[in-house]
Novice: 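To start, I am sharing the structure in question, which I have written as structure tokens.
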Number of protein chains: 2
Amino acid sequence: MSSDQATDIQKRMYNFIVSYMKTEKMPPTNREIGRELQIASTGHVDYHLTMLEKKGLISRQPKKSRGIKLIETITGIPVMGSIAAGQPLEISNDPEEMLDVGRELEPDNTYALIVKGRSMIEDHICDGDYVVIKPQDTCNNGDIVVAVRLQEGMSGSATLKRFFQEKDHDRVRLQPANSELEPIIIPKSEWDEEWKVQGKVVAIFRQCHAA
Amino acid sequence: MSSDQATDIQKRMYNFIVSYMKTEKMPPTNREIGRELQIASTGHVDYHLTMLEKKGLISRQPKKSRGIKLIETITGIPVMGSIAAGQPLEISNDPEEMLDVGRELEPDNTYALIVKGRSMIEDHICDGDYVVIKPQDTCNNGDIVVAVRLQEGMSGSATLKRFFQEKDHDRVRLQPANSELEPIIIPKSEWDEEWKVQGKVVAIFRQCHAA
DNA sequence: CCTTTTATCGAACGTATTTTCCGAATATTA
DNA sequence: TAATATTCGGAAAATACGTTCGATAAAAGG
């Protein structure tokens, strides 16, 4: 809607702000904008920034130096559509959304672990994959979790498994996703004392290296 | 080396700058730093910033408002170690590296596609996964590529397959990773005329939603 | 025990930066 | 054609902000 109404100069101004922020990691001052766009007056720059704000492209923090924020933080990778190997689908020309890979995962205390081995292979988690862990005490049945066995002294050893609380048997089952491997069965009492859920897997990331 | 010599206050200052930049998308002013760390004097803040610069953690642009830059732009998710479901491994307390999920993929013209169906399931690419595509004309045998069939008029339809150039048969084979599906076999001449490699898969990203 | 480094405050100073006001030229619209 | 929005300049006013200086301690090192 209003975003299209931006004038030529305003579009150039907006683009400059975007590129400036990419390189400088901070918004430009009004003077820097003016210098770039060859606008002699800072008041003039202010006018266009006001317009850009009215048109919903930026927001401003009054009285703050460099108080410009982009409304749509266009970080990430554009998602161009869907694809199926079986029946080819169309690829659109406009991004449908931005894949904010990892960015929305960052805020908390999320961390990543590198998966070794094929023990979760049937969940399509491969050797070398990164699993992103969101720390939390509790989890639901079927969640893939990092379970830690508490030990004397140092930090315990951790394991990546699917979590199942089997109420009828009054025990907890930690199930690998590999039919060649056996689950770990722990009586409820022992679980409460010796084990702890460290967090659950919220995302998986795999880099495809050159062969 | 010198980065370790940072004082407690300087570490807190550094951490605040990092978190401020994450939320505000710009560096803080000296006064904002002081307010946060309960330092009453801006000169005092300046002193510690000078120390941080001397110790190589930040760089400063004199006389510029918010003229602070992080030397190591620690975006991303900390990788805390390895984990194997089979034989539990230790989780270290210090991050081994930062998982720059997607960030090093952004610069070029990379884009993402959402995978539909199970046609690449044996390569552990699942329904709903994001595949990150790096555009390129050529590829090597075995690469997972987006192949496009050129058509009259509009943009062609795309398919996700493993690419094999079979020189002995003078043909190209597009192989799905699902034994229930048949490969697409294309004679070399037809390939050159009607097909094109759009790009190759460089990464895979999967979000694990709540059950 | 003395010296050096580090940490702290407060205040003053000068520059950086935004904001506001006035005026004018140009285009757009009614 | 009159009214209105847009685009520009210049300059003053008001903050915001970084920098510098003097003084005081506590901690560290020898």
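Quick note on labels: first sequence line is chain A, next is B, and so on, each numbered from 1. All of these numbers come straight from a predicted model, not from anything done at the bench.
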Novice: Charged N to carboxylate O under 4.0 angstrom, A:Arg171 versus A:Glu190?
Specialist: no
Novice: Which pair of heavy atoms, one from B:Ile71 and one from B:Gly56, lies closest together, and at what distance?
Specialist: CG1-O, 3.4 Å
Novice: Summarise how protein sits on nucleotides 5-20 of chain D as a single string, 5' to 3': B when a protein heavy atom is under 4.0 Å from the base, S for sugar-phosphate-only contact, - for no contact.
Specialist: -SBBBB-----SBBBB
Novice: Atom CD1 of B:Ile68 and atom P of C:dA16: how far apart are they, to the nearest Å?
Specialist: 17 Å
Novice: Kindly write out the residues that satisfy salt bridge (Lys or Arg N to Asp or Glu O under 4.0 Å) with B:Asp137, not counting sequence neighbours, or none if the list is empty.
Specialist: none
Novice: When you measure from the side chain of B:Arg66 to the backbone N and O of A:Ser65, does any donor-acceptor pair fall under 3.5 Å?
Specialist: yes
Novice: Between the main-chain N or O of A:Arg118 and the side-chain N or O of A:Asn178, is there a donor-acceptor pair closer than 3.5 Å?
Specialist: yes
Novice: Look at A:Asp46 together with A:Arg60 and state whether they make a salt bridge at an N to O cut-off of under 4.0 Å.
Specialist: yes
Novice: Let me check the geometry of the helix from C:dC1-D:dG30 to C:dA30-D:dT1. What is the bend angle between the axes at its two ends, five pairs each, to 10°?
Specialist: 40°
Novice: Could you encode protein contacts along nucleotides 23-30 of chain D as a string, one character per nucleotide from 5' to 3', using B for base contact, S for sugar-phosphate-only contact and - for no contact, with a heavy-atom cut-off of under 4.0 Å?
Specialist: --------
Novice: Sequence neighbours excluded, which residues qualify as salt bridge (Lys or Arg N to Asp or Glu O under 4.0 Å) partners of A:Asp127?
Specialist: none
Novice: Looking at every heavy atom in both A:Ile33 and A:Pro28, which two are closest together, and how far apart are they?
Specialist: CG1-CG, 3.7 Å
Novice: Any donor-acceptor pair under 3.5 Å linking the side chain of B:Gln136 with the backbone of B:Thr138?
Specialist: yes
Novice: Quick one: side-chain hydrogen bond (donor to acceptor under 3.5 Å, both in side chains) partners of A:His44, sequence neighbours excluded?
Specialist: A:His48
